[in-house]
Structure formats: structure tokens, C-alpha cells
Amino acid sequence: MPNSVMIAGPCVIESGEILEQIAQELKPLASNPKFDFYFKASFDKANRTSLESYRGPGLQKGLQMLGDIKNKFGYKLLTDIHESVQAGPVAEVVDVLQIPAFLCRQTDLIVAAAQTKRIINIKKGQFMHPKDMQYSALKALNTRAKNKHETPTYEACLEHGIYLCERGASFGYGNLVVDMRSMVIMRTFAPVIFDVTHSVQMPGGAGGKSAGDSSFVPYLAKAGAVVGVDGFFMETHIDPQNALSDGPNMILTAHLLDLASDLLALQECNQSLNHQKDKHATQH
């Protein structure tokens, strides 16, 4: 990819005011020409631990609020879908349809998303072998491509707007770890986005809701930049401690702006090293 993808925004739409405040804070990131920026927020968190947890404004109102952000700020948008019937109406508003990690093998959902003209970001399930994500990518690819593929390739997935997303793997109960090999493996057959903030989540760790430790976000993000990824997914908030969903693993918006500069510097260093290696190889 020519520019690194940066997907950033709150976990869930809480209110129009908060959504707009976060969007405003992210303007320096969105205007950076070195990033391909997407603003994200969920209209419905359909997989909350508890029935009593806040889920969001719902499909109709949520899409209206996301559309307001697009109209005011000019941002490209990403949001997740949980049911096949949501793909069509959501694709009318957003630029990227995201398949949640728990649903990464749901054929009907992936096919419905692939039948739209939007980019698809398929999150790797916390239970999935990274190599097996090729089959999720292939479902989307063979729905879109005129010529059927036996296996997905990075180039074909990039051409048809199909991304995979690393977000950690279950490590016992209530904990996730990131195996950096996962991104190397998946990147052999598809572009890879690194969801850093969900990777520091502790599922069910706060008694009926998930906990997390956002202090590890910068370390994992920088490691991902060095390993090599096509972009980053960062949930961010102006007041994470009082956020209605995933506050413990979201990064303060002001801190994200500083971290983004570090990530670009690391990626540019990587590119320079790879260029030197390629030049050395051609000379010998």
C-alpha cells in the first residue's frame, strides 16, 4: 500500500456531541498525507458481555450520526456489521465494512459484505490460526473476483479491497496475547491491519464487562510497525475512563497523535532498510 492505513475513533457511538468532539481531535491525523485515514465507530455493539451493557444508538440513528461526521469532516468511515441484512444499508454510508472477530467464519455475512462495493476488514477471531484466515479472505475474494482463486494472494486481496485484521489471541481465560508471527503469516495472502487497542483487552475481566490495559498500546503498536503491517486500528476517546464501552483499552486521543508520529518514523525506517537490502541483493 502506498500509505499506511489509520483507522481511529471511539468504540461505540455514545452521543452526537462526543462523536463530533473525537472527530475534531483527530483532524491532525486525518490531514496527514502519509496516512490513509478512516474514522470508526460502532452503531451497535451486539456482542457485549452483559445484556445491561450499553450497545449504541442502533442502525438507523447510528448511520445518520456517522453520515453527519462524513458530511462535516469529509472523513472516510468504517463500522462493523453483525447480520447479513445490514450490509446493504450500511454500505450506503460507510467506506469500510468490518466483520467482527467472533463472526470471521460466517459465510453469509462475508458474502453479503463482499457483494457491496466497499472495502472489507475481516478481524481474525481470537480462536483462529492465522493461516486459516485465508479461507475467510477467499470467501470474500471469490464473491468479488471474476476469475475464481484457489488461494488468496496479497495482490488479489488488495485489488478487491479485502483486508485482514489482527486483534490478539486468547491466552487462557480473560487474557489476550499478540503473536507477531500472525501478521507475517496473514500478510503472505492479504493486507493486514493491526488492531492494537483490542489486543490489550481482557475479555470479561471486569465482572460482566471487559477490562484492559491501554498502557501497553504504544509498545504493541511499535512492535507491529517494525514487524510490518499495512495499517493500524486504534480505538480512541477524549475521556476513556468514562467511555461507555472498552474504556480500559482505548487510548486518549491526544496520546494517539503522538504515537502515530512514532509509527510513521518506524515504518519509514523499515522501508529504508528493505530498500538497502534489495539494493545489496541486486549488486550481488
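Looking at heavy atoms from C-beta onward, Val217 lies out of side-chain contact with Leu256 at the 4.5 angstrom threshold. Residues Ser170 and Leu176 have side chains in contact (heavy-atom distance under 4.5 Å, counting atoms from C-beta outward). In this structure, Leu252 and Thr236 have side chains that are not in contact, with every pair of non-hydrogen atoms separated by 4.5 Å or more. Tyr219 places none of its side-chain heavy atoms less than 4.5 Å from the side chain of Lys222. By the 4.5 Å heavy-atom criterion applied to side chains, Ile193 and Ile7 are counted as neighbours.
Between Ile120 and the choices His160, Gln98, Lys139, Arg144, the side-chain contact (heavy atoms from CB on, under 4.5 Å) rule is met once, by Arg144. When each of Glu166, Gln126, Arg167, Lys123 is tested with His198 by the rule side chain to side chain donor-acceptor pair (under 3.5 Å), just one qualifies, namely Lys123. Considering Lys117, Lys40, Lys70 as possible partners of Asp95, the one that fulfils the salt bridge (Lys or Arg N to Asp or Glu O under 4.0 Å) test is Lys70.
Looking at Thr143, its side chain never comes within 3.5 Å of a backbone N or O of Val111 through a donor-acceptor pair. Formation of a donor-acceptor pair under 3.5 Å by the Gln86 side chain with backbone atoms of His82 is found in this model. In terms of modelled atom types and a separation under 3.5 Å, the side chain of Asp44 and the main chain of Pro57 share no donor-acceptor contact. At least one donor-acceptor pair closer than 3.5 Å links the side chain of Ser199 to the backbone N or O of Asp195. Under the 3.5 Å distance criterion, the side-chain polar atoms of Asp246 are left unmatched by any main-chain donor or acceptor of Cys11. For the pair Gln134 (side chain) and Lys131 (backbone), a donor-acceptor distance under 3.5 Å is present. Thr153 places a side-chain N or O within donor-acceptor distance of the main-chain N or O of Ala156, the cut-off being under 3.5 Å. The closest donor-acceptor contact from the side chain of Asn71 to the backbone of Gly67 lies under 3.5 Å. In this structure, the side chain of Asn249 does not engage the main chain of Asp213 through any donor-acceptor pair within 3.5 Å. In this structure, Ser136 contributes its side chain and Cys104 its backbone to a donor-acceptor pair below 3.5 Å.
Here the shortest heavy-atom pairing between Thr197 and Val200 reads O-CG2, 3.1 Å. Residue Pro28 comes nearest to Leu257 through the heavy atom pair CG-CD1, 4.3 Å, listed as atom of the first residue, atom of the second, then distance. Closest approach of Pro100 to Ile81, counting heavy atoms only: CD-O, 3.1 Å. Scanning all heavy atoms of the two residues, the minimum distance from Leu263 to Met234 falls at CD1-CE, 3.9 Å. Between Pro10 and His237, the shortest heavy-atom contact is CB-CD2, 4.4 Å. Taking every heavy atom of both residues into account, Ala260 and Leu29 meet most closely at CB-CD1, 3.4 Å.
Hydrophobic clustering keeps Leu220 apart from Leu266 (ILVMFWY residues linked when any side-chain heavy atoms are closer than 4.5 Å, directly or through intermediates). Both Leu103 and Met133 are assigned to one and the same hydrophobic cluster, defined by single-linkage of ILVMFWY side chains at heavy-atom distances under 4.5 Å. Hydrophobic clustering (ILVMFWY, side-chain heavy atoms < 4.5 Å, transitive): Ile238 and Ile69 are in one cluster. If you chain together hydrophobic residues whose side chains sit under 4.5 Å apart, Ile22 and Val196 fall into the same group. Grouping the Ile, Leu, Val, Met, Phe, Trp and Tyr side chains by contacts below 4.5 angstrom, directly or via other members, places Val93 with Leu19.
For the atom pair CG of Leu141 and OG1 of Thr151, the computed distance is 9.0 Å after rounding to the nearest 0.5 Å. The distance from the CZ atom of Arg55 to the NZ atom of Lys45 is 11.0 Å, given to the nearest 0.5 Å. Summarising the geometry, atom CD1 belonging to Ile122 is positioned 9.0 Å from atom CG belonging to Leu109; distances are rounded to the nearest 0.5 Å. Atoms CG and SG, on Leu138 and Cys157 in that order, are 8.0 Å from each other to the nearest 0.5 Å. The distance from the OG atom of Ser214 to the CD atom of Gln201 is 12.5 Å, given to the nearest 0.5 Å. In this structure, CG on Asn47 lies 5.5 Å from CZ on Phe102, to the nearest 0.5 angstrom.
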Between Ile99 and Asp80, is a side chain to side chain contact (heavy atoms under 4.5 Å, CB included) present by the stated rule, with each step listed? CA-CA 6 Å; Ile99 307 298; Asp80 43 328; over 6 Å; no
Quick one: do Phe43 and Lys61 satisfy side chain to side chain contact (heavy atoms under 4.5 Å, CB included)? Show the steps, please. CA-CA 8 Å; Phe43 58 82; Lys61 186 176 180 181; over 6 Å; no
Before giving the answer on side chain to side chain contact (heavy atoms under 4.5 Å, CB included), spell out for Val90 and Leu97 the whole-Å C-alpha distance, their side-chain angles and the decisive distance to 0.1 Å. CA-CA 8 Å; Val90 174; Leu97 299 178; 3.5 Å; yes
Using side chain to side chain contact (heavy atoms under 4.5 Å, CB included), reason through Asp258 and Asp262 one step at a time and then give a plain yes or no. CA-CA 7 Å; Asp258 292 335; Asp262 293 341; 5.7 Å; no
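Taking the six-membered ring for Trp and thresholds of 30 and 60 degrees, Tyr75 and Phe37 have ring planes more than 60 degrees apart, a perpendicular arrangement.
Remark: His149 NE2 is packed, more than 12 non-hydrogen atoms of other residues, nucleotides or ligands lying under 6.0 Å away. Heavy atoms from other residues, nucleotides or ligands lying under 6.0 Å from OH of Tyr54 number more than 12. Within a 6.0 Å sphere centred on CZ of Phe127, other residues, nucleotides and ligands contribute more than 12 heavy atoms. Crowding of Tyr135 atom OH: a count of heavy atoms from other residues, nucleotides or ligands under 6.0 Å not exceeding 12. Residue Arg48 qualifies as enclosed at atom CZ: its count of foreign heavy atoms under 6.0 Å is above 12.
No salt bridge links Asp132 with Lys124; every basic N to acidic carboxylate O contact stays at or beyond 4.0 Å.
Judged by distance alone, the side chains of Tyr38 and Asn121 never bring a donor and an acceptor atom under 3.5 Å apart. Looking only at atom types and distance, the side chain of Thr79 has no donor-acceptor partner in the side chain of Ser42 under 3.5 Å away. No hydrogens or angles considered: a donor-acceptor pair under 3.5 Å links the side chains of Ser50 and Glu52.
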